[in-house]
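First up is the structure itself, then whatever we jot down about it.
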Amino acid sequence: MEIPKTYDPRQAEQQHYARWEEQGCFAPEINRDPKAPVYSIVIPPPNVTGSLHMGHALQHTLMDVLSRHKRMCGYRTLWLPGMDHAGISTQLVVNRELKKEGLSRHDLGREKFVERVWKWKHESGGQILNQMRREGASVDWSRERFTMDEGLSRAVREVFVRLYDEGLIYRGDRIVNWCPNDQTVLSDLEVEKTPQAGKLYYLQYPIKTPNGEERRVTVATTRPETMLGDTAVAVNPEDSRYSDLVGATIRLPLTDREIPLIADEYVDAEFGTGAVKVTPAHDPNDYEMGVRHNLPQVVVIDQHARMTEDAGAAFSGLDRYKARDLVVQRFEELGLLEKVIDYEFSISRCERCKTVIEPLISTQWFCRMAELRDLALGLMREENKPVFTPEVPYRKVYTDWLENLRDWTISRQLWWGHQIPAWYTKDGRVFVARSEEEARAAAGTDDLAQDQDVLDTWFSSALWPFSTLGWPDETEDLKTYYPTSVLITARDIIFLWVSRMVMMGMKFVGRTPFHDVFVTGTVLDKHGQRMSKTKMNGIDPLDVFDKYGVDATRLVLASIGSTDTRWNDNQVESYRNFANKIWNAARFCLMNSDGASVRPEAFESEPLPLHDRWILSRLNRTALEVDRALAGYQFHEAVQTLYHFFWDDFCDWYIELTKADVAAEAASLERDAARSRLLTVLEQALRLLHPFMPYITEELWLRLPGVDEKLLHSAYSGAEPTIMLTSYPQPDESLIDERPESEMSVVIDLISRVRNIRSELNVKPGMRVRVVVGTGEGNLREVFEANREQIARLTRANAISIGERLDAPRASARAVLAGGAEVAVPLEGLIDFAQERERLGREREKLQKEAAKLEAQLANPQFAERAPAEKVNEVKQRLADISQRTIALQQMAEALL
RNA sequence: AGGCACGUAUGUCAAUGGUAGACGGCCACCCUUACAAGGUGGAGGUUGGGGGUUCGAAUCCCUCCGUGCCUACCA
């Protein structure tokens, strides 16, 4: 069979995905077992505008590993894909397109614009889904969903109506975060605070005193222009400096208004002057204070961040920053500007366009969170759901946030999204309904106008785990796949998304939307910086796929798991090498496969040689450890375990130990049996690796002799042969056996010692040596006898002498094995006796250092008293072994004198 | 400002309170026909500093230094 020497990932990546997809391997219906347990994951829907970045690749890899693993374990497995309509982002993208044609969305009008967005979506949206195919993501494309689909939109309206009917959704005037660029309101979670070097202006306001005495109060502000909308000055009620002024009237400069001086707990007497200007229409805190004190709201800044008429004739129409300069200039002219100091504060910006947010009073729709919040908190308290991994710190982060939750602004002034299902009559009555017909019936008139706003994108995302499964209908899918098994997501959307899914899931389905939440780490650049478009420091997963292959990249990503990790190509390179190692191991097996096939029965003949019993034990132990690791979402550990099993145990030792049998010139039953055992172990190893490395494992598996539908998991009988539908190797505890493992480790130790001697004494690789073994009193003789040939081959020896005592010429290099056996390599003419004594001396020193530590530990009476007996014995055992080896080394050195 | 993490080999990361490891890199020797993307051997650490608890600390506690993240209504 002709197999290239180097693995070419591209070739495998191009072939298998389409075949899997065509044969329906990703759909849960492939599972024919009516009693199969269910496993389900819904994808965090990427934005329709998005393209794949490392964060996605990381999440998708973990979801795919879990899905493929469970599918191979016989679970009816659904991984549901889809996308989010991403209100603002998408609208901005299409706006940009229109701009190139010299148009704006207003030129098209709402209906045409929305049509245009759909057109864009069909033509260039959703690139990311095709990129997921490249990743090997085993998602069920037949169930792909989009948040603006009719089904999901219906769920949105249903939820809106029910929440409204219960009074949990309301419409009102509140101060909100307004983006003057996007012309829409934003939720608290969509603004980001950035530090800003600015100025703090100290403004003096004259006080109107009964006796006409000249008094002033000084307020500090970073936004002087807002003083035009001030309706009070506030001080702390405990602040003795101002106690006589509370209730006084202030003449607000630059205006003809008079405002009161009030007392409010909110004011911090320690900060600034202890007196605060209050602008209820343009500051969230002032707004609250205004509500408490029943202050009027004077709007001086409009939705385009320009001054209104109410700001006064001198300012009306000015940009807010121009107005700021002018206000400061006027104060200076009036002698009311006390001072200006440099001041660093944080400023709110629109998360998308980075424009400075303007807090404005505006009529919006809000969702009352108290009841929903309690549902989520109750679930955590009573059922401990969802279970976060890592539990620290996410469980606490999640609950703390819920406890301090405020109402959610759910309306957005956009055209792309779910239009709010509220209709108004001419006389201003409002009807919230599932459809316009329903609203008309309720209103008793056809003359209705629908609310122009759309819902926050996260409103529909919050319903994702059940809306995608057909809710509000009681569909089979909903019954089968809800709650989902696990949610895998990045930490920045725990509040934005995870918590809201829990609340909505509890409210409308009555159960948690997912049992577990796994929070991934962040992939950083090599300087520890977050990857971002603006910093241009992102690494494109597709480039990495091209360079190193998908499977290698997936191993790196799986290893990242929940740790923040600096990206490093070296890591991928090393797993690329691993893929090549797998390739070549399989290549060897295939080149020596005549007369053999994958056949578990090949291990049934008795007695099996040590290395076969050993590899069975290692294989099953590996399966056990991988199982445990995946159950606890310890992806890193699973990868490590598989890597070492395959490379160290299988390649370095098992293949080498079987080589003589497997690669024998003459055909024989023994040769066929050895070959079959080798192929069988390889086949099991490929299955173990498959969830992590789907492409190379499939590519190789299909080439193995003897693979057919009989190897498929019983739940998939009748399907076309593919490794992805075989059963995942289940650990057979009866095959995990200490004895062959410890015996094998002695043989390995012996071989390593001889190799060590050869290397240190510069014995040429081509030179054959004699190896003399002294087994000591233990019962190792049989083990060495049985493995004579292997030992000879792997140490490049032409003769092995085994005796109880080490019977070697004086001119030999010697070593002591763990456990006490000794080994010597006669090297007449190559041995410099002084050097050899030195070499033994170094060895002995190492042991003595260790022995000294152990002796000190045992000499401590409190250790013997307080440490568990088991530990004490362990230490004694180790010390005994080391002492014995030290003495042996000593004698060896003396023999050289 | 508060809260939460993190700091381990030159790099990226592991290690239920019990012998500090892996991979990459580095050094030496090998193209020994599965694999030079490989093999064999080797060097490299007072686990950020200091204190404490414990028979025993990378691990638990305190403190300092450094880094990162999240939350927040100091104008």
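These numbers come from a predicted model, not from an experiment. In the text below, chain A, chain B and the rest are named by the order of the sequence lines, each starting its count at 1.
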- Query: So, is A:Lys277 close to the B:C74 phosphate, meaning a side-chain N or O under 4.0 Å from OP1 or OP2?
  - Reply: no

Exercise. Compare side-chain N and O positions of A:Arg576 against OP1 and OP2 of B:A37 and report whether any pair is under 4.0 Å apart.
Key: no

Worksheet item: What is the nucleic acid contact for A:Arg842, judged by heavy atoms within less than 4.0 Å: base, sugar-phosphate only, or nothing?
Response: nothing

Looking at A:Phe388, does the NZ or CZ of A:Lys396 lie under 6.0 angstrom from its six-membered ring centre and within 45 degrees of the ring axis?
no

Exercise. Are A:Ser559 and B:C13 close enough that a side-chain N or O sits under 4.0 Å from OP1 or OP2?
Worked result: no

Would you please confirm or rule out a distance under 4.0 Å between OP1 or OP2 of B:G42 and any side-chain N or O of A:Lys846?
no

task = Look at A:Trp583 and B:G38 and indicate whether a side-chain polar atom (N or O) is within less than 4.0 Å of OP1 or OP2.
result = no

By the 4.0 Å heavy-atom rule, please label A:Cys651 as base, sugar-phosphate, or nothing. base

Cation-pi check for A:Tyr202 against A:Lys339: NZ or CZ below 6.0 Å from the six-membered ring centre and within 45 degrees of the axis, yes or no?
yes

Residue pair A:Gln857/A:Lys526 against RNA chain B: nearer the 5' end by closest nucleotide is A:Lys526

| request: Looking at every strand, decide which applies to A:Pro868 at a 4.0 Å heavy-atom threshold: base, sugar-phosphate, or nothing. | output: base

(request) Could you tell me whether the side chain of A:Glu656 has a donor or acceptor atom within less than 3.5 Å of a complementary atom in the base of B:A34? (result) yes

Practice task
State whether A:Asp569 and A:Lys547 are salt-bridged, where the test is any N-O pair (Lys NZ or Arg NE/NH1/NH2 against Asp/Glu carboxylate O) under 4.0 Å.
Solution key: yes

Taking only the side-chain nitrogens and oxygens of A:Tyr343, find out if one of them lies under 4.0 Å from OP1 or OP2 of B:A75. yes

**Study point:** Sugar-phosphate, base or nothing in reach of A:Gln640, heavy atoms under 4.0 Å
**Key:** sugar-phosphate

>> Base, sugar-phosphate or nothing for A:Val397? Non-hydrogen atoms, less than 4.0 Å.
In response: nothing

Review point. Is a donor-acceptor pair below 3.5 Å formed from side chain A:Lys5 to base B:C35, judging by atom type as modelled?
Key: no

Legend entry - A:Asn580 side chain near B:G38 phosphate (N/O to OP1/OP2, under 4.0 Å): no

